[in-house]
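To start, the structure itself, in structure tokens.
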Amino acid sequence: MTLVVNIIGAGILGQTIGHLLVKNKLAQIAGVHNRSAESSLAAIKFIGDGEYFSEIKLLPQADITFITVPDDHICKTSIEIARHGNIKPGSIFIHCSGVLTSDVISAVKVKDAFVASIHPMKGFANPTSSVTTYKGTYCGMEGDPEALSILEPIFKSIGSITFLLNKEKKSLYHAAAVFASNYTVTLSQQALNCFKESGVEEGMALNIIISLMKGAIANIENSMSPSKALTGPIKRGDSSTIKNHLSAFTDCKQRALYSILGQASIPLTSHDSATKTQLEAELSFTK
Ligand SMILES: NC(=O)c1ccc[n+]([C@@H]2O[C@H](COP(=O)([O-])OP(=O)(O)OC[C@H]3O[C@@H](n4cnc5c(N)ncnc54)[C@H](OP(=O)(O)O)[C@@H]3O)[C@@H](O)[C@H]2O)c1
């Protein structure tokens, strides 16, 4: 039996998932609804299936409805679906936010529907590149078991690596992704600032940063352990180098960030408690 899918909010993610569903012959796309007709029609062209509906109440019934609108619009979209939508009893509604839980679309459950949230843990810049790089994307999921039992095999079939999330801890899960992805980029800017201030030319500095970051990631990958991958002055217990760095910073925010990250690095080492205390004191935020 071919599953019938609607997509409300066929933007970068909605188009990516829609295209992969069609390409892998996993579903038939019935209705697509974006705010504008123009973007809906462009999305349908990219997905390769579907028909544009200008209002939620006009969408045909579907087995699965993707609510892939921006996070701020997910809840109110589900309320509109509950009030005016043509909900098929027993059907599934899914959103893909990394921080909101499936509860945010629970309004649709008044009509015997099931809800889930499946978050592809990857930054998608545009649908064309996303469909080619999607394979191997980790997807944290939570929601009604009736929904997940249908959705998980579908997500696996398009190349996702799925895992269950604790709904109550979803914010922490999302914060983890921010640390691993976004803040790595922020750290690259901090390193660039230091390199430039030290006189290293920007292009050269960026190449060095990329090389160092790749090396650090390779160390994590090879050891599968942040503590085994750590190198540098904290790992060596080299207080004089740390003192030297702290006195070189001209920006107090940079000094504070270095100190906080240094403190967070101490538990990754196997120094004795006296050395750890000395490092803590050296990196004390109030110094
Ligand atoms: N992009 C990523 O890297 C990524 C990764 C993981 C998860 N997600 C999640 O995926 C979801 C969608 O993100 P996205 O990046 O695909 O967003 P996006 O590219 O901005 O697309 C959002 C789409 O929703 C439509 N839309 C906005 N408000 C609407 C409304 N009130 N009713 C109907 N359609 C509406 C927009 O239509 P118009 O074109 O007409 O404005 C647009 O097509 C979010 O929950 C996000 O957290 C995104």
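Remember, predicted model here, so these are calculated numbers, not experimental data. Atoms within a ligand are numbered from 1 in the order they appear, just like the ligands themselves.
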Practice task
Scan for ring-ring contact (aromatic ring centres under 6.0 Å, His included) pairs involving residues 22-70, sequence neighbours excluded, and state none if there are none.
Solution key: H19-F46
Practice task
First locate atom CD1 of I7, then atom OG1 of T65, and finally report the distance between them rounded to the nearest 0.5 Å.
Solution key: 10.0 Å
Handout entry: Ring-ring centroid check H119 H95, cutoff 6.0 Å
Key = no
Practice task
First locate atom CG of L261, then atom CD1 of I234, and finally report the distance between them rounded to the nearest 0.5 Å.
Solution key: 9.5 Å
Exercise for the section: First locate atom CG of D144, then atom CD1 of I150, and finally report the distance between them rounded to the nearest 0.5 Å. Expected result: 12.0 Å
Problem - Amino acids in close contact with ligand 1, where any non-hydrogen atom sits under 4.0 angstrom away - result: G9, A10, G11, I12, L13, H33, N34, R35, S36, S39, T68, V69, P70, D71, H73, I74, C96, S97, H119, P120, K122, G123, F124
Practice task
Say whether T2 and Q28, considering side chains only, have a donor N or O and an acceptor N or O under 3.5 Å apart.
Solution key: no
